[in-house]
Amino acid sequence: MLQRPEHQVAGHEAGSGTLGPLIDGSGNFYKPLNPSDERGAHELAFYTSFYSDTQVPQSIRSSFFPSFGGTRILPVPDSPDLLLPHLVLGDLLHAYSYPCVMDVKMGARTWYPSASEKDFAKYWKKDLESTTPLLGFRISGLQVHHESGRWKPYRDKVRKYTVTDVRQSLRQFVSKNPDKTPPDCALASSVYGGSNGILAQLLQLKSWFEDQTLFHFYSTSLLIAYDKGGKAAQVKLIDFAHVMKGEGIIDHNFLGGLCSFIKWVSEILTDSDPEAAAGPAEPEATVGPTENETH
Ligand SMILES: Nc1ncnc2c1ncn2[C@@H]1O[C@H](COP(=O)(O)OP(=O)(O)OP(=O)(O)O)[C@@H](O)[C@H]1O
Ligand SMILES: O=P(O)(O)O[C@@H]1[C@H](O)[C@H](O)[C@@H](OP(=O)(O)O)[C@H](OP(=O)(O)O)[C@H]1O
């Protein structure tokens, strides 16, 4: 049965009078193609071209992008007489019981070169109100399932996140007590670290972006997820409504944001690993107490 995705953390939501994604519980995520809006058609064109481009390594497609199964006509919730084509994508959270999810919109700017004056003004304003220009990314939404429930900050709050809030959220995302101060970062090494962890996947993605000149991914997000307790961490790209042809030029907007994001994640790993945080072992006599140390 079609339903609204319970674990959606950002973007347009299906509701009375608004279009949003649906899932079928069998592994498919359906994103509506609004006929009165060119964004849907643009995203469909991207998926079609991306999945047929022989220059894209198969390993990149399968590791970092949702699967794509064309389009399907479906009824719109609350308006069952209205039928609309939807993108058929793999539901990235299908295998999870209690998904912990973060949507990170990438790039130091989300407006794209061909944007109209009106669109440029809209995206520029949103960028300036967020960490986008400063950090090269912003958090658009997140949720964490922890021992005593689900922690999901309100969207209006996330929209106003400062650099300090981002630092805190990246820690909360891998904590068993995300709603407490300070968050414990108990899952940092199992989610962000390790050979299959988020950091390793981000570095693999970065090496493709250091080379690929096929596409420029404006306003695209990283969807980062794991199952409660720290299992099955994954990084995927979503939202391709504003992807442009790369024309032989590196996507420095996305790549710069990715490098910045990698640095932020790496720092959490270093901080939450006491040995790494202490740096290389030094002769005991040279290590003095820090200001925060209590005896
Ligand atoms: N393939 C997928 N599988 C599972 N969840 C997904 C998938 N794609 C998107 N989502 C969820 O839906 C949200 C919105 O996705 P997306 O960014 O594609 O939609 P949008 O309406 O175009 O967003 P925006 O308003 O940011 O442009 C994501 O934050 C994520 O929670
Ligand atoms: O992050 P927020 O604050 O929710 O703002 C939305 C975000 O910038 C989306 O990327 C954008 O949709 P597209 O990327 O698909 O253009 C959407 O435009 P919209 O309001 O015109 O739908 C904005 O409202």
Side-chain angles (χ1 to χ4, degrees), residues 3-15 17-34 36-44 46-47 50-51 61-62 64-69 84 86-96 99-107 109-112 114-116 118-133 137-145 150 152-161 173 217-227 232 234-244:
Q3 53 193 286
R4 297 173 180 92
E6 189 192 341
H7 304 296
Q8 182 176 347
V9 294
H12 303 92
E13 288 176 7
T18 56
L19 290 175
L22 299 169
I23 54 171
D24 62 6
S26 305
N28 293 311
F29 183 96
Y30 301 103
K31 193 169 170 181
L33 298 171
N34 188 343
S36 59
D37 189 323
E38 65 189 13
R39 288 178 287 190
H42 198 92
E43 188 159 25
L44 171 60
F46 166 77
Y47 270 108
F50 180 78
Y51 269 88
R61 270 198 281 264
S62 57
F64 295 111
F65 288 80
S67 61
F68 171 58
L84 273 190
H86 288 65
L87 293 172
V88 183
L89 306 174
D91 179 357
L92 301 172
L93 305 180
H94 179 59
Y96 296 146
C100 303
V101 190
M102 179 163 54
D103 180 315
V104 185
K105 205 179 260 286
M106 301 302 290
R109 65 179 231 224
T110 63
W111 56 272
Y112 41 97
S114 59
S116 64
K118 192 168 157 249
D119 283 348
F120 165 75
K122 179 180 88 172
Y123 293 116
W124 181 231
K125 182 169 183 291
K126 280 187 182 290
D127 287 356
L128 288 182
E129 288 166 352
S130 76
T131 61
T132 285
F137 65 88
R138 67 176 180 253
I139 295 177
S140 292
L142 74 166
Q143 73 167 27
V144 177
H145 277 107
R150 172 162 71 161
K152 187 176 185 181
Y154 289 113
R155 275 212 202 172
D156 283 349
K157 198 173 167 199
V158 178
R159 280 196 188 102
K160 293 186 192 125
Y161 270 4
F173 184 62
F217 292 88
Y218 291 102
S219 217
T220 289
S221 289
L222 296 179
L223 195 74
I224 297 181
Y226 67 91
D227 212 355
Q234 69 166 334
V235 174
K236 289 281 195 290
L237 268 65
I238 56 162
D239 201 356
F240 307 110
H242 305 299
V243 176
M244 303 287 141

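The structure displayed is predicted, hence computed values, not measured ones. Each ligand, and each atom within it, is numbered from 1 in the order the structure gives.
- Note that CG of D103 and CD of Q8 are 9.0 Å apart. Values are rounded to the nearest 0.5 Å.
- At a 4.0 Å heavy-atom cut-off, ligand 2 touches R159 through the side chain alone.
- Checked by atom type and distance alone, the side chain of T18 pairs as donor or acceptor with a backbone atom of E13 at under 3.5 Å.
- Scanning all protein heavy atoms for the shortest distance to atom 14 (O) of ligand 2 gives H242 NE2, 3.4 Å.
- Of the listed residues (P99, P153, C100), just one forms a side-chain contact (heavy atoms from CB on, under 4.5 Å) with V144, and that residue is C100.
- Comparing heavy-atom distances from atom 15 (O) of ligand 2 across R39, K125, E38 singles out R39 as nearest.
- For atom 16 (O) of ligand 2, the closest non-hydrogen atom on the protein side is Y123 OH, 2.2 Å.
- Within 6.0 Å of the CD atom in E38, the count of heavy atoms belonging to other residues, nucleotides or ligands does not exceed 12.
- For the pair K105 and ligand 2, the shortest N or O to N or O distance falls below 3.5 Å.
- A donor-acceptor pair is defined here as one N or O able to donate and one able to accept, closer than 3.5 Å; such a pair exists between the side chain of E43 and the backbone of F240.
- With no hydrogens or angles considered, no side-chain donor-acceptor pair links Y96 and H7 at under 3.5 Å.
- Checked against a 3.5 angstrom limit, the closest N/O atoms of S140 and ligand 2 fall outside it.
- The shortest contact between atom 8 (O) of ligand 2 and any protein heavy atom is with K126 CD, 3.4 Å.
- A 4.5 Å side-chain heavy-atom check between V9 and S140 finds every atom pair outside the cut-off.
- Formation of a donor-acceptor pair under 3.5 Å by the T220 side chain with backbone atoms of D239 is found in this model.
- At distances below 3.5 Å, not a single donor-acceptor pair connects side-chain atoms of R39 with backbone N or O atoms of A241.
- The contact set between ligand 2 and S219, taken as ligand atoms under 4.0 Å from a residue heavy atom, comprises 10 (O), 14 (O).
- Near H12, meaning under 4.0 Å from one of its heavy atoms, ligand 2 places the atoms 12 (O), 19 (P), 22 (O).
- Close contacts of ligand 2 with K122, meaning ligand atoms under 4.0 Å from a residue heavy atom, involve 18 (O), 19 (P), 21 (O).
- Side-chain atoms of S130 come within 3.5 Å of backbone N or O of T132 as a donor-acceptor pair.
- For the pair H145 (side chain) and D227 (backbone), a donor-acceptor distance under 3.5 Å is absent.
- Protein residues are said to neighbour a ligand when one of their heavy atoms lies under 4.0 Å from it; for ligand 1 these are Q8, V9, A10, G11, H12, F29, K31, G90, D91, L92, D103, K105, L223, I238, D239.
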